[in-house]
Structures are given as structure tokens and as C-alpha cells.
Amino acid sequence: MKFTHALGFLGLGALSVHGQAALYAQCGGETWTGDTTCVSGATCEYQNDYYSQCVPTADASSTAATATASATPTSTCGATPPASAGKLTYAGVNIAGFDFGMDTSGDDTASSAYPPLTQYYGADGAGQMTHFVNDDKYNIFRLPVSWQFLTNNVITGTLNETNFAEYDALVQACLTTGASCIIDLHNYARWDGDIIGQGGPSNEVFAELWGNLAAYYATESKILFGVMNEPHDLPNITLWAETVQAAVTAIRQAGATTQYILLPGDNYTSAETFVSGGSAAALAAVTNPDGGITGLIMDVHKYLDSDNSGTSDTCVTNNIDDAWEPLSQWLRCNGRQALNTETGGGNTASCEEYICEQVDYQAENSDVILGYVGWAAGNFATDYVLSETPTDTNGTWTDQVLVSTCLSPAANGVVA
Ligand SMILES: *[C@@H]1O[C@H](CO)[C@@H](O)[C@H](O)[C@H]1NC(C)=O
Ligand SMILES: *[C@@H]1O[C@H](CO)[C@@H](O)[C@H](O)[C@H]1NC(C)=O
Ligand SMILES: *[C@@H]1O[C@H](CO)[C@@H](O)[C@H](O)[C@H]1NC(C)=O
Ligand SMILES: *[C@@H]1O[C@H](CO)[C@@H](O)[C@H](O)[C@H]1NC(C)=O
């Protein structure tokens, strides 16, 4: 399925002549004071009220008809990555365990958490991360945790000191490796069945939780804030965007002014339906307190099995035509970026083939796709269907085959 885009060809008039902005540079927007014309071969294109961008002028075959064609929506907006694309910013692994016990309904109890740290009788998550950085050249880890664990089963924004200290031990182990670390609130937009801001906990209490987490990590530049893992079956995506907005505002106001914040859409953050399902349009309205969108990154997941559930060891697609291509096009056309914080497959020949293709395509579109984070290591057993958990034999680590062939930056060479 090819995605065609009908937006973005408005506002081409009234450009003054100063210097010239580079291809893919900003060239307009309500508060923009820089160049508003583009270098030869590029055209300044309206993306939203805050952002216009220099995009390649329609190719030679259509140049003759430019005057009339520019008034007609076309499908070429954002179709071509810039020559500078090719190396992803991030590649990493989910270090799971603090989320264990969490159901897609948001049902969970604090006591189900299983810290992936030896001091709490779990797997050696710290050792895994050190290995992944040193031997595989990974540079990001996602650290899932349930809200119930952070507050010890109380619907509040106040962190339980005892439980948070355990989670923070994993965050600090991650930061110690020099990698970037995603705080992933793994609640499916819910608390025990009820949706945040739509019958469940209020946006205020959710924002208070994020404000407290952000205040704690405000000075850590390598922290990313993953607002929510896999929202799904949301009654109203506009209301959900308001919930996300409340979290973003709280994070910024707590002093975490520059770190990336990951914005999650509906349908389990499916990369495939992010645009068509309305999540993209709703989340595009979320801003920083200053009205800008700096550091606000779209959060998307995609598996490669037949039902996109990540439960089969057989992969059937590289997701390019149905997910990554239309998503990349929308992102580029709208001046946005995304991070693929969950993907993975079985340690099988079909998954090796398709994951390698997916990663290569993501790298070709690295201007808008920042990277990928595999699911999963940490406390998952080495025989778990999607296991990326390495084996430690007297200090010598051995990776799962999907990692060693496709996902490890040392193997694929496509991570900066
Ligand atoms: C924090 O959680 C622990 C369980 O890990 C519990 O024993 C303790 O009472 C909680 N603290 C507060 C202040 O509720
Ligand atoms: C979703 O919520 C918004 C904001 O309250 C409201 O304007 C809109 O009508 C709602 N949409 C639906 C389908 O209920
Ligand atoms: C959710 O996304 C999957 C693929 O990512 C798709 O197959 C499914 O139809 C989507 N469901 C909805 C309700 O959009
Ligand atoms: C690991 O080290 C122990 C103790 O030094 C030794 O007995 C064992 O044979 C080693 N195992 C392997 C697989 O090297």
C-alpha cells in the first residue's frame, strides 16, 4: 500500500529574498527570522504554522508545469531522503523486568516487578548493557517500568522512595555505560483497566508523576522520557493528545528542557497506522511550553510477524511498504522525527532476513527515523521467543543470532 499525502502544499507565496536556506532546512514559520528562500533546486514548503521547510523542487519531468502543479496536492512531499541520510542516531535494546506483571489492560501490582539487576536477584541487566555497549556498539537502552511499581500501587504522582530507588539503580547502570536511557512508563495508557484522562487517573495526577520523574533526571542529558508504552483502543485520540500534552508540559516545567520526549499514538503505537489512524495529526498538536516542537519525537513500534504482535518466531514482512515508507514520508513532510522503540523477531532465518532489510531501510531514512530499540533482553530468558538476552559464560558474552547478524551496530554498520 502506497501512502499519498494531500497536505503541505499551501503557503508558497510571499517569500522575501535574503540569504538562501539549505535543502531540508527551515525556511519559515510564525516565529522564524532566518532565510525564507531556498537554494537552487529546492522549494520552501509550508508544513505547519511553526515550520516551513526547503524540499526538493518537483523533478524535471514536472518542472514545466510547476506554476499550475504547485497548486495541486501531490504525493511527492517528503518522498526523498536527503543525501546526508544513512546513519542512524540510536540503536539499542529493551532491558525488561520492572514491567513484568503488567497486562495490556493496565492491570498490574507492584510486587510483580522483577528488577533485572543481580542485587535484586534478577538477571545481570547492568552487565548486559555494558556488553551491548562495549562489544556491539549499542548506544541506547529502554527501561520499562510500571506506574504501579513506581508509586507502590497508589494512584498518585508521588514516587515511592523504596521502589523508585530500585528502578533508579537500573537507570544509573544504564547511564554509567555512557548510553542514552529511555524511561518507559509501560502502562498501555491505563491504570487497572481505566484510561488516563478518559475515565481513569486524571491528566493532573499523570502529569505530576512525569513532573517528579523529570525533576529527578532534569540534569541528565542522556535521559529520554517515554511518556507511555503502547496506548490502544483509545475512545478519543484528541483527548489522548491532551493527556500527552499534560505530561510534556510537566516534564519541561520540571526543568528537563532539552531532553527528547517520546510521544505515543494509538493502536499499540503501530508505525503502520500512525498516520492513517489519526495519531500523527493529533500528536502533531502537542508542543513545548514555548509553542515549539524541539525534542518532541514520535514513538512507534513495529513487529514483523503476521499479526504485528511480536509473539511468533516467524517473520513475514520487512514493513517497508506498509509502515516505514509512508511514515518516513509523513515525518519528512511535516518536519518531524520518530524513534522505533520496540521491534524484533525470532532468532530464525526469516527474521534475520526481514529485520536486516528493515534496519537498512530505517538507516536510509535516518533524517526522520532516529533509530531502533530491540525487544528484548533484561529478565527475559534466552529461550523467550523474541529473546535478545545474551549469555554470560565466565564474563564472555554471546549474543542471540538476530543481534549478532542484524541488530548489533557492530554487525550492521549503519549506526553513527
Ligand atoms: C513504599 O513501598 C514499600 C514496598 O516496596 C512499602 O513497604 C512502603 O510502605 C512504601 N512507602 C510508602 C511511604 O508508602
Ligand atoms: C474528542 O474530544 C474532543 C475534545 O474534547 C471533542 O471536541 C471531540 O468531539 C471528541 N471526539 C469524539 C469522536 O468524541
Ligand atoms: C493496528 O495496526 C496493525 C498493524 O500495525 C493493523 O494490522 C491493524 O489493522 C491496526 N488496527 C487498527 C484498529 O487500526
Ligand atoms: C568458568 O569458570 C569456572 C571457575 O573458574 C570454571 O570451573 C569453569 O570451567 C569455567 N567455565 C567455562 C565454560 O569456561
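Start at 1 and go down the list; that is how both ligands and their atoms are numbered. Both backbone and side-chain heavy atoms feed into the values below; hydrogens, waters and symmetry mates do not.
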Any protein heavy atom at under 4.0 Å, with atom 1 (C) of ligand 4 as the reference point?
yes
Please tell me whether Phe206 and Trp191 form a close aromatic pair, meaning their ring centres lie under 6.0 Å apart.
no
Which of the atoms of ligand 3 are close to Asn308, meaning less than 4.0 Å from one of its heavy atoms?
4 (C), 5 (O)
Leu239 heavy atoms within 4.0 Å reach ligand 2 at atoms 2 (O), 4 (C), 5 (O)
For the 3.5 Å polar cut-off, considering only N or O atoms, please tell me whether Asn236 and ligand 2 meet it.
yes
Quick check on atom 5 (O) of ligand 3 - does any protein heavy atom sit closer than 4.0 Å to it?
yes
According to the interplanar angle, ranging from 0 to 90°, do the rings of Phe132 and Tyr138 count as parallel (below 30°), tilted (30 to 60°) or perpendicular (above 60°)?
perpendicular
Would you say Asn394 and ligand 4 have an N/O pair spaced under 3.5 Å apart?
yes
Leu339 pairs by side-chain contact (heavy atoms from CB on, under 4.5 Å) with which of Leu262, Thr89, Ile369, Val300?
Leu262
Between Phe100 and Phe380, is the ring centroid distance below 6.0 Å?
yes
Atom 11 (N) of ligand 4 protein-contacted, heavy-atom criterion under 4.0 angstrom
yes
If we number the atoms of ligand 3 from 1 as shown, the ones under 4.0 Å from a heavy atom of Ser270 are 2 (O), 4 (C), 5 (O)
Under the side chain to side chain donor-acceptor pair (under 3.5 Å) test against Ser146, which residue among Asp103, Asp108, Asp99 passes?
Asp108
Is a side-chain N or O of Trp324 found less than 3.5 angstrom from the main chain of Gln358, in a donor-acceptor match?
no
Identity and distance of the protein heavy atom lying nearest atom 13 (C) of ligand 4:
Thr393 CG2, 3.5 Å
